[in-house]
Asker: 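Here's a structure for you.
Just so you know, ligand 1 is whichever comes first in the structure, and atom 1 is the first atom listed for that ligand. This is a predicted model, so every value here is computed, not measured.
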Amino acid sequence: MRYISTRGQAPALSFEEVVLTGMASDGGLYVPEMLPEFSREELADMAGLSYAEIAFRVMKPFVNGEIDDATFKRIVTEAYATFNHDAVVPLKQLDANHFLLEQFHGPTLAFKDVALQLLGRLLDHFLKKRGERAVIMGATSGDTGSAAIEGCRHCDNLDIFILHPHNRVSEVQRRQMTSVLANNVFNIAIEGNFDDAQAMVKASFADQTFLNGTRLVAVNSINWARIMAQIVYYIASGVALGAPHREVSFCVPSANFGNVFAGYMAYKMGLPVKQFIIATNANDILHRTLAANDFSKKELAATLAPSMDIVVSSNFERLLFDAYDRDGLAVAALLERFQQEPTALADAPLAKLREKFASYSVDDTTILEAIRDAHKRTGEMLDPHTATGYWAAERARADQSTPMITLATAHPAKFAEAVVKAGFLGVPLPPHMDDLLEREERYTVLPAELAAVQQYVAEHRR
Ligand SMILES: Cc1ncc(COP(=O)(O)O)c(C=O)c1O
Ligand SMILES: N[C@@H](CCOP(=O)(O)O)C(=O)O
């Protein structure tokens, strides 16, 4: 198994190399040259296995023998032992055919833990084996940051720099990052938005001279290992609800598109999926593109679902690569146009996407309505991101008898503002975060300027 760039001009990499990098040198993202496929029998055999065992089976072909089976199994088992639910991502039935896939039982209460508990351990494994150090630069709209810090902070070979948009993440999210006072963890509050932070991280991959030869590694979903780990829960939840013998659909609160793209990979690997519903907040580029072929930037809006306040959706590039029949040059040309001016997809790729994907955009008022409605109908308290998915799924499934699995991407305790605005008293933090709001914080505020950020990283890395 080799990994190739979505823009077709960068060297192919091994699994180890792809884990230890970020973007491809041509500005693209890495994807497997060929996807492994599971037969119906192999899928059926996974029903009833532990999450760690399914994870091992699903990810083994991607690892390609570059980690021996016993070691990889240990890494996977340790990663998922950090979750406080035996099922890791349990399914909760809301009604006859609507299910929530609860992805917030990890250490930092959002779906990012599923991949980052694994990625931290993979980085530790490969860096120790090589006797190398590395610098992590990550951009976060609130959830990736704490999950990356939690997943990687025990790796002494890593210095972790996380950029979050100043005053645009929830208090709980900020404190989850800034109260980690380890000497290899550096939080930078950017005077800008998530897109600014993500652009600076990507620019740092494109020109790494400021690091004088030290390796730069990504923890965002531009790193293929993030997607790989996220494929697992689609397969695990699908087989739990009867796949491959029946189809399932998924509704995914989406922004940077890593989560739903992982679902699409699961489908391409053999999981029978009828449809993917993409739910966005008011930052609706994914919805506009699918519904109206309007692939254009719009000013970023601050919403009640702040982790999805993203305009430039990184992983959409991976889907475009597939939709454009893996023509890297066509993808590169489209994305260069997109950076300059409003653009549109060609007819054939758009038609291909519409075969499998539908989309909804959910504004703040509707998010609050969805939180209230879900609570009244099912007794569940949803976080505002999950609420976008719940609302979209309820609309989308009106014409479907297929089980609908809505991804519950975060715990409501992380987003008190929305919960209170919806008319509730709030949700307590779990015991391991009881004193979060009293913990000491450490972070540095910087302007949204690449030179300032790179200078900070160069000066502070150990
Ligand atoms: C809680 C939550 N839900 C949904 C999303 C959207 O996921 P993705 O960026 O993979 O589309 C994010 C982050 O982007 C998130 O933090
Ligand atoms: N919502 C994310 C944004 C970054 O997405 P990623 O999946 O590419 O890491 C966050 O919470 O930081």
Side-chain angles (χ1 to χ4, degrees), residues 22-23 29 101-104 106 108-116 119 136-149 151 162-165 168-170 172-174 176-177 187 190 193-199 201-202 218-227 229-231 233-234 250-265 276-281 283 285-287 300 303-319 357 359 362 367 382-390 392 406-415 418:
M23 295 176 66
L29 301 183
L101 183 65
E102 293 186 346
Q103 305 194 290
F104 48 72
T108 69
L109 314 182
F111 80 94
K112 313 286 181 170
D113 287 322
V114 179
L116 283 157
L119 179 55
I136 283 176
M137 274 180 82
T140 186
S141 51
D143 291 322
T144 294
S146 57
I149 290 169
I162 299 294
L163 283 57
H164 72 266
R168 284 173 179 251
V169 299
S170 79
V172 170
Q173 286 180 312
R174 189 193 72 239
Q176 282 181 302
M177 298 184 275
N187 281 289
I190 294 294
N193 59 36
F194 172 80
D195 283 343
D196 298 324
Q198 178 161 254
V201 168
K202 287 183 173 175
V219 284
N220 283 106
S221 53
I222 56 176
N223 189 319
W224 169 258
R226 284 275 313 273
I227 306 294
Q230 292 174 194
I231 294 170
Y233 48 70
Y234 287 91
F250 292 94
C251 182
V252 189
S254 295
N256 228 8
F257 211 72
N259 208 353
V260 70
F261 182 74
Y264 181 68
M265 292 289 91
F276 291 101
I277 312 295
I278 297 168
T280 74
N281 62 17
N283 296 293
I285 181 167
L286 295 166
H287 174 59
L300 191 142
T303 75
L304 287 172
S307 303
M308 291 173 14
D309 288 349
I310 295 175
V311 172
V312 180
S313 178
S314 291
N315 286 284
F316 196 54
E317 170 158 357
R318 286 185 164 124
L319 185 66
F357 293 91
S359 62
V362 185
I367 286 176
L382 305 183
D383 92 282
H385 307 81
T386 305
T388 67
Y390 168 83
T406 294
L407 272 51
T409 50
H411 193 288
K414 293 185 95 166
F415 303 99

Asker: Without hydrogens or angle criteria, can the side chains of D113 and Q103 be said to hold a donor-acceptor pair below 3.5 Å?
Answerer: no
Asker: Do you know which of V362, D309, L304, I310 makes side-chain contact (heavy atoms from CB on, under 4.5 Å) with N281?
Answerer: D309
Asker: Show the atoms of ligand 2 that are less than 4.0 angstrom away from any heavy atom in F194.
Answerer: 3 (C), 4 (C)
Asker: Closest non-hydrogen protein atom to atom 11 (O) of ligand 2, residue and atom name please, with distance?
Answerer: D143 N, 2.7 Å
Asker: With distance as the sole test, does N193 use its side chain to make a donor-acceptor pair with the main-chain N or O of D195 at under 3.5 Å?
Answerer: yes
Asker: Quick one: which of F316, F250, F357 gives a side-chain contact (heavy atoms from CB on, under 4.5 Å) with V260?
Answerer: F357
Asker: So which heavy atom in the protein is nearest atom 12 (O) of ligand 2, and how far is it from that ligand atom?
Answerer: T140 OG1, 2.6 Å
Asker: So is A410 polar-close to ligand 1, meaning N/O to N/O under 3.5 Å?
Answerer: no
Asker: In terms of residue, atom name and distance, what is the protein heavy atom nearest to atom 10 (C) of ligand 2?
Answerer: S141 OG, 3.2 Å
Asker: Which protein heavy atom lies closest to atom 9 (O) of ligand 1, and at what distance to 0.1 Å?
Answerer: N256 N, 2.7 Å
Asker: To the nearest 0.5 Å, tell me how far M308 CE sits from T388 OG1.
Answerer: 3.5 Å
Asker: Between ligand 2 and Q173, can you find any atom pair, the residue atom being a heavy atom, that is separated by under 4.0 Å?
Answerer: no
Asker: Quick check on contacts: which atoms of ligand 1 are under 4.0 angstrom from a heavy atom of S307?
Answerer: 13 (C), 14 (O), 15 (C), 16 (O)
Asker: Look at atom 3 (N) of ligand 1 and find which of D383, T280, T140, T409 reaches it with the closest heavy atom.
Answerer: T409
Asker: About how many Å separate OH of Y234 and OH of Y264, when rounded to the nearest 0.5 Å?
Answerer: 13.5 Å
Asker: Assess the residue pair M23 and L29 against the criterion (side-chain contact (heavy atoms from CB on, under 4.5 Å)); give the C-alpha distance rounded to whole Å, side-chain angles, the decisive distance to 0.1 Å, and a yes or no.
Answerer: CA-CA 5 Å; M23 295 176 66; L29 301 183; 4.2 Å; yes
Asker: Do the side-chain N and O atoms of Q173 and S307 include a donor-acceptor pair separated by under 3.5 angstrom?
Answerer: yes
Asker: For the 3.5 Å polar cut-off, considering only N or O atoms, please tell me whether T144 and ligand 2 meet it.
Answerer: yes
Asker: Testing the 3.5 Å rule here: is there a donor-acceptor pair between the side chains of K414 and Q176?
Answerer: yes
Asker: If we ignore angles and hydrogens, is there a donor and acceptor under 3.5 Å between the side chains of S221 and N315?
Answerer: yes
Asker: Quick one: which ligand 2 atoms are inside 4.0 Å of a heavy atom on R226?
Answerer: 6 (P), 7 (O), 9 (O)
Asker: Among all the protein's non-hydrogen atoms, which is closest to atom 8 (O) of ligand 2, and how far away is it?
Answerer: S221 OG, 2.5 Å
Asker: Looking only at N/O atoms, are G258 and ligand 1 under 3.5 Å apart anywhere?
Answerer: yes
Asker: Within the 4.5 Å heavy-atom criterion, are V219 and R226 side-chain neighbours or not?
Answerer: no
Asker: Any idea which of Q173, K112, Q103 brings a heavy atom closest to atom 13 (C) of ligand 1?
Answerer: K112
Asker: For ligand 2, note which part of K112 has a heavy atom under 4.0 Å away: side chain, backbone, both or neither.
Answerer: side chain
Asker: Under a heavy-atom criterion of less than 4.0 Å, does P253 contact ligand 1?
Answerer: yes
Asker: Examine the proximity of ligand 1 to N259 and report which part, side chain or backbone, both or neither, has a heavy atom under 4.0 Å away.
Answerer: both
Asker: A255 versus ligand 1: do any nitrogen or oxygen atoms come within less than 3.5 Å of each other?
Answerer: yes
Asker: Any non-hydrogen atom of F111 lying under 4.0 Å from ligand 1?
Answerer: yes
Asker: Report yes if H385 has an N/O atom closer than 3.5 Å to an N/O atom of ligand 1; otherwise report no.
Answerer: no
Asker: N/O of D143 under 3.5 Å from N/O of ligand 1, yes or no?
Answerer: yes
Asker: Whether the side chain of R318 engages the backbone of A262 through a donor-acceptor N/O pair (distance < 3.5 Å, no angle test) should be reported.
Answerer: no
Asker: Using a 4.0 Å cutoff against the non-hydrogen atoms of S307, which atoms of ligand 2 qualify?
Answerer: 1 (N)
Asker: Quick one: CD1 on I285 to CG on L300, what's the gap to the nearest 0.5 Å?
Answerer: 10.5 Å
Asker: One residue to check: A110. Relative to ligand 1, which of side chain, backbone, both or neither has a non-hydrogen atom less than 4.0 Å away?
Answerer: neither
Asker: May I ask you to list the atoms of ligand 2 that are less than 4.0 angstrom from any heavy atom of G142?
Answerer: 10 (C), 11 (O), 12 (O)
Asker: Provide the number and element of each atom of ligand 2 under 4.0 Å from a heavy atom of I310.
Answerer: 3 (C)
Asker: Answer with yes or no whether the side chains of S314 and K202 bring together a donor and an acceptor at under 3.5 Å.
Answerer: yes
Asker: With rounding to the nearest 0.5 angstrom, report the OG1 to CD1 distance, T140 to I190.
Answerer: 12.0 Å
